[in-house]
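Structure, as structure tokens:
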Amino acid sequence: MWYNTKATALLGIDYPVMQGPFGGNLSTIELTAAVSNAGGLGGYGAYTMSPQKIFEVDQQLKAATNKPYNINLWVSDHDIPQSGLLDEQYDKTAALFQPYFDEVGISLPEKPAPFQSRFENQLDVILNIKPKVFSFMFGTLSADVLEQCKRSGIVTVGAATTLDEAIFLENNGVDMIIASGFEAGGHRPSFLASAESSLTGTFVLLQLIREKVKTPIIAAGGIANGKGVAAALALGASAAQIGTAFLACDESNALPIHREMLFSDAAKYTTLSRAYTGRLGRGLTSRLAKDISGKEKDVLPFPLQTTLISPLRKAALDQQKWDMILFWGGQIAPILKHTKAKELMHALIEETNAYFDDLRG
């Protein structure tokens, strides 16, 4: 059967369908558990969380499901140079964004404080709580950590946006590789070359990797229904990871206006931009993203740009100035239909079943 893949065997799940793990406080226990309980693999994005909070989330997940789930972290969690953020750089960024702060009637924040990487401490918690699946982006783990994961029964999943990154991850020894196409919503997890030069579509990337890499592949980007899942499997993926369709479900922590936008005409238009966080990510096209296009050199490094934008985002939300806000979303959003995670999972399974039944005649 189509659902008997290397991924389902390795992950201990019924169907090769994974929910994208959303960072930035968009993941919820309810959504992750709903997907896992329906036979897929729920995912929880934890890169912004303290070690204690990750521990608490894991306890809540264990109480909500007895099925496998995935916890996701970012290996590289900042782009700040060793010299720190220079006043000159902050002043350039401040000048660029001043008009938007003026428009909503608030002051620009002070220069963001230095950022301390949290990854090492977060990693200690992962090795302690031992989730069934640990996925990571923006790099890979040391051989020692991968070995610890293997000994603990933790399945490791790295993200690649190019063939070179997939080969790198395989040589590193990860258990599975996500082929992340440029259609996907959210941040581009490139780590060997710039995100702007790592923009291959999901199904091309999947075929390139499948040709050169033996590690099981998870296709991600531009998949939101059973036909997409079937296409990914037909091209050699062991599983499909679905982000935007689950983000649009009521169980996610996306704001009601965000979910509404994903089902609106606005979802037809998406943009890759660094304007909101300092890292390249895809969301629904906004006036601010259009204005900043071509001026990325004056955007603060990740995550300091997020710190700068945060009060602007809050004010814009309060004033319903939606065109100043980034609502994450992938290019596939216009075909979304479901607002409940359980219904979406059932539809994905039924549609994929029907597709393969038709093939068999």
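Position 1 is the first residue of the sequence; numbering continues from there. No hydrogens, no waters, no symmetry mates; every other heavy atom, side chains included, goes into these values.
For an aromatic pair to be called close, the ring centres must be under 6.0 Å apart, and Tyr47 with Phe138 fails this.
When each of Leu127, Ile154, Val155 is paired with Phe134, the side chain to side chain contact (heavy atoms under 4.5 Å, CB included) condition holds for Ile154 and for no other. Leu262 pairs in a side chain to side chain contact (heavy atoms under 4.5 Å, CB included) with only one of the listed residues (Thr339, Leu284, Ile257), which is Leu284.
Of the inter-residue distances, the one linking Asp14 atom CG with Lys67 atom NZ reads 5.5 Å to the nearest 0.5 angstrom. Here the straight-line distance linking atom OG1 of Thr48 with atom CZ of Arg118 works out to 6.5 Å at 0.5 Å rounding. To the nearest 0.5 angstrom, Leu359 atom CG is 13.0 Å from Trp2 atom CH2.
No side-chain donor from either of Glu56 and Gln60 sits under 3.5 Å from a side-chain acceptor of the other. Asp58 and Tyr69 share a side-chain donor-acceptor pair at under 3.5 Å. Side chains of Thr5 and Ser238: a donor-acceptor N/O pair is absent below 3.5 angstrom, by distance only. Between the side chains of Asn72 and Ser135, a donor-acceptor pair is found at a separation under 3.5 Å.
In this structure, Pro189 and Phe136 have side chains that are not in contact, with every pair of non-hydrogen atoms separated by 4.5 Å or more. Between Phe246 and Leu26, every side-chain heavy-atom pair lies at or beyond the 4.5 Å cut-off. A 4.5 Å side-chain heavy-atom check between Thr93 and Leu304 finds every atom pair outside the cut-off. Counting heavy atoms from C-beta on, the side chains of Leu199 and Leu272 come closer than 4.5 Å.
In this structure a side-chain-to-backbone donor-acceptor pair under 3.5 Å is present from Gln319 to Val104. With hydrogens and angles disregarded, a donor-acceptor distance shorter than 3.5 Å links the side chain of Thr8 to the backbone of Tyr3. Side chain of Thr244 to backbone of Gly330: a donor-acceptor contact under 3.5 angstrom is found. Formation of a donor-acceptor pair under 3.5 Å by the Arg313 side chain with backbone atoms of Leu326 is not found in this model. No donor-acceptor distance shorter than 3.5 angstrom exists from the side chain of Ser286 to the backbone of Met324, with no hydrogens or angles considered. Side-chain atoms of Ser198 come within 3.5 Å of backbone N or O of Ser194 as a donor-acceptor pair.
Scanning both residues, Ile13 and Tyr15, for their nearest heavy atoms gives CD1-O, 3.1 Å. When all heavy atoms of Lys268 and Pro334 are compared, the closest pair comes out as CA-CG, 3.7 Å. Nearest approach of Trp328 to Arg282, heavy atoms of both residues: CE3-O, 3.1 Å. For Asn25 against Asn253, the heavy-atom pair with the smallest separation is O-ND2, 2.8 Å. The shortest heavy-atom contact between Gln19 and Thr32 is OE1-CA, 3.6 Å. Between Val125 and Pro51 the shortest heavy-atom distance is CG2-CB, 3.3 Å.
Heavy-atom neighbours of Lys62 NZ from other residues, nucleotides or ligands within 6.0 Å: above the threshold of 12. Within a 6.0 Å sphere centred on CZ of Arg210, heavy atoms belonging to other residues, nucleotides or ligands number 12 at most.
Using bins of under 30°, 30° to 60° and over 60° for the plane-to-plane angle, the ring pair Phe191/Phe168 lands in the perpendicular bin. Classification of the His258-Phe327 ring pair by plane angle, with boundaries at 30° and 60°, yields tilted.
Remark: Phe182 engages no residue in a ring-ring contact (aromatic ring centres under 6.0 Å, His included) (not counting sequence neighbours).
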For residues 213-237, which side-chain N or O atoms pair as donor and acceptor with protein atoms under 3.5 Å away, sequence neighbours left out?
unit_1 : atom_1 : unit_2 : atom_2 : d
Thr215 : OG1    : Glu170 : OE2    : 2.8
Asn225 : OD1    : Lys227 : N      : 3.3
Asn225 : OD1    : Gly228 : N      : 3.0

